[in-house]
2 protein chains.
Amino acid sequence: MGTREKILEAAAWLFSTRGYAATSLAQVARAAQVSKALVLWYFESKEHLFRAALQHFLTPYEIDAQVLLGLNEYEQVDKLIDDYYDFVADHLPSVKFVLGQVVRGDETSAELVAHVSALYGVYRDLLTSILERGCERHVFPAYIKPAQDAALIMAALNGLLLQHLVEPEGSPMVRDLRTYLKQLVRVRLCAASTQADTSCVVPPASPRREA
Amino acid sequence: MGTREKILEAAAWLFSTRGYAATSLAQVARAAQVSKALVLWYFESKEHLFRAALQHFLTPYEIDAQVLLGLNEYEQVDKLIDDYYDFVADHLPSVKFVLGQVVRGDETSAELVAHVSALYGVYRDLLTSILERGCERHVFPAYIKPAQDAALIMAALNGLLLQHLVEPEGSPMVRDLRTYLKQLVRVRLCAASTQADTSCVVPPASPRREA
DNA sequence: GTCTATATACAGATAGAC
DNA sequence: GTCTATCTGTATATAGAC
């Protein structure tokens, strides 16, 4: 591995775990086993180094929609849920970093945030189109609103991943919940599609007094 | 407002928006319109100031479970969802800050993270107990698993709030999704537990989007 | 390309006048 | 309590030897 890449990798790691301000060039240099001056020889300034590190993060953010071919609608939804979850779980350091940037609205990484948002949008739109197709073909019940259901499924996934982030312990809870989410989605997409529309079924409006 | 409070408020704001490392005492002093030395006179060190700011954030983190009395199970679930969402939305700066600390696993704020996690747990457990009670009384369908369903609802809420964070623009999308989530939960909790319960059909609350 | 040495700025923190 | 002046360490960045 070239010296430049060594520096870049060290910088990416440090920036992602400690943030921009809390990471010094001296730390980067030490981690990369070079001198401070060499870091600035390759990357004009700390700012430039940071931007280069961002690009390093962006590289793996791609999505392959081809894997869904040949599956029925239910399997497609299942697979998309699993893929999204696994993808984010596999890139937790990057995700942490991006989330950190998002949270503090850092202007220097607007591009990164936009890129990740776009990727998120791709997943959500893909899920939406699967649901749409399922509805058109009457495979899914009529009360499914593709855009909204897709958005909520993604929200639930992001919530689980957030929990995964807060409790990085190998708590099997979150993994179980992913399975439970898939079951729940399946029930919703399966449930009595031929029955009358149940989307307008609500409980009694008048409060029932408790004992 | 006393000088100490003025400093504390400025510090809390800066720490929450820029993070610990990127916030200097000079910035805090300028924001509070005092000298650097005075900041350190009130708060022994930057570290102490930070911890004091954390306490400032913790104060509003309380929950009032009394508001659920007198509501039936469905209304309780609805209200809990709304309350949790509104609470977090009303404390977005604090939440951003906490999330930032969580994301970078900052040791100095482990106490804050623990406190917020505990609060989250309270909400989730409250929701779980509502679902449990509903199941015991056969108001909710038998396929409901209180713990898992509660966790997923909370995850979905957190996902929505995360989205709210990323797109702070007044996009009505997220707010609509909250309503849709409540409908979806209601359908799940209502659906055909007993056919008698489906008699309570009212006109759709919101217009349906047809593709 | 890689280093040491150094310039310059700013950080957190202290001393002491008022 | 509040300030100015200052100390000390460390940050980014540059200069120049090799």
Side-chain angles (χ1 to χ4, degrees), chain A residues 1-57 97 100-101 103-112, chain B residues 1-57 97 100-101 103-112:
Chain A
M1 182 168 47
T3 304
R4 188 189 151 92
E5 281 67 35
K6 208 165 58 176
I7 295 172
L8 205 52
E9 192 155 318
W13 170 251
L14 288 172
F15 282 140
S16 70
T17 53
R18 313 184 187 192
Y20 178 80
T23 301
S24 73
L25 293 181
Q27 289 171 323
V28 174
R30 199 178 322 121
Q33 293 175 308
V34 295
S35 66
K36 284 192 295 179
L38 195 59
V39 174
L40 288 169
W41 188 87
Y42 280 108
F43 308 91
E44 190 173 342
S45 68
K46 186 183 181 181
E47 179 83 16
H48 283 77
L49 174 61
F50 182 67
R51 294 187 179 282
L54 289 191
Q55 296 302 323
H56 192 251
F57 275 128
F97 179 63
Q101 299 306 118
V103 159
R104 69 191 41 178
D106 196 329
E107 273 302 316
T108 57
S109 55
E111 183 189 355
L112 175 70
Chain B
M1 180 166 49
T3 304
R4 188 189 149 92
E5 281 67 34
K6 209 166 57 177
I7 295 171
L8 205 51
E9 192 156 317
W13 169 252
L14 288 171
F15 281 140
S16 71
T17 53
R18 312 184 189 194
Y20 178 80
T23 301
S24 73
L25 293 182
Q27 288 171 323
V28 173
R30 199 178 320 123
Q33 293 174 307
V34 296
S35 66
K36 278 196 301 177
L38 195 59
V39 174
L40 289 168
W41 188 87
Y42 279 109
F43 307 92
E44 189 173 342
S45 69
K46 186 183 181 182
E47 178 84 15
H48 283 77
L49 173 61
F50 182 67
R51 293 188 179 281
L54 289 192
Q55 295 302 322
H56 192 251
F57 275 129
F97 179 63
Q101 300 306 115
V103 159
R104 68 194 43 181
D106 196 329
E107 273 301 316
T108 58
S109 56
E111 183 189 355
L112 175 70

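Below, chains carry the letters A, B, ... as their sequence lines are ordered, and counting in each starts from 1. These numbers were taken from a predicted model, which means no experiment stands behind them. Basis for what follows: all heavy atoms, side chains included, without hydrogens, waters or symmetry-related copies.
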Exercise: identify the closest heavy-atom pair between B/Ala10 and B/Val28: CB-O, 4.1 Å
I'd like a table of donor-acceptor pairs (distance under 3.5 Å, sequence neighbours excluded) in which one partner is a side-chain atom from residues 40-52 of chain B, with atom names and distances.
residue	atom	partner	partner atom	Å
B/Ser45	OG	B/Glu47	N	3.4
B/Ser45	OG	B/His48	N	3.2
B/Ser45	OG	B/His48	ND1	2.8
B/Lys46	NZ	B/Tyr20	O	3.2
B/Lys46	NZ	B/Thr23	O	2.8
B/Glu47	OE2	B/Arg51	NH2	3.3
B/Arg51	NH1	B/Thr108	O	3.4

Nucleotide interval of DNA chain C bounded by contacts with chain A (heavy-atom cut-off, under 4.0 Å): C/dG1 to C/dT4
Close residues, residues 28-52 of chain B, relative to DNA chain C [heavy-atom separation under 4.0 Å]: B/Lys36, B/Ala37, B/Leu40, B/Ser45, B/Lys46
Separation between NZ of B/Lys36 and OG of B/Ser24, rounded to the nearest 0.5 Å: 8.0 Å
Sub-4.0 Å heavy-atom contacts from residues 17-25 of chain B onto DNA chain D, ordered by number: none
Closest contact, heavy atoms only, A/His56 versus A/Ala12: ND1-CB, 3.8 Å
Euclidean distance, A/Ile7 CD1 relative to A/Met1 CE, rounded to 0.5 Å: 10.5 Å
Sequence neighbours excluded - salt bridge (Lys or Arg N to Asp or Glu O under 4.0 Å) pairs with any residue from residues 5-21 of chain B: none
Within residues 3-15 of chain A: residues closer than 4.0 Å to DNA chain D (heavy atoms): none
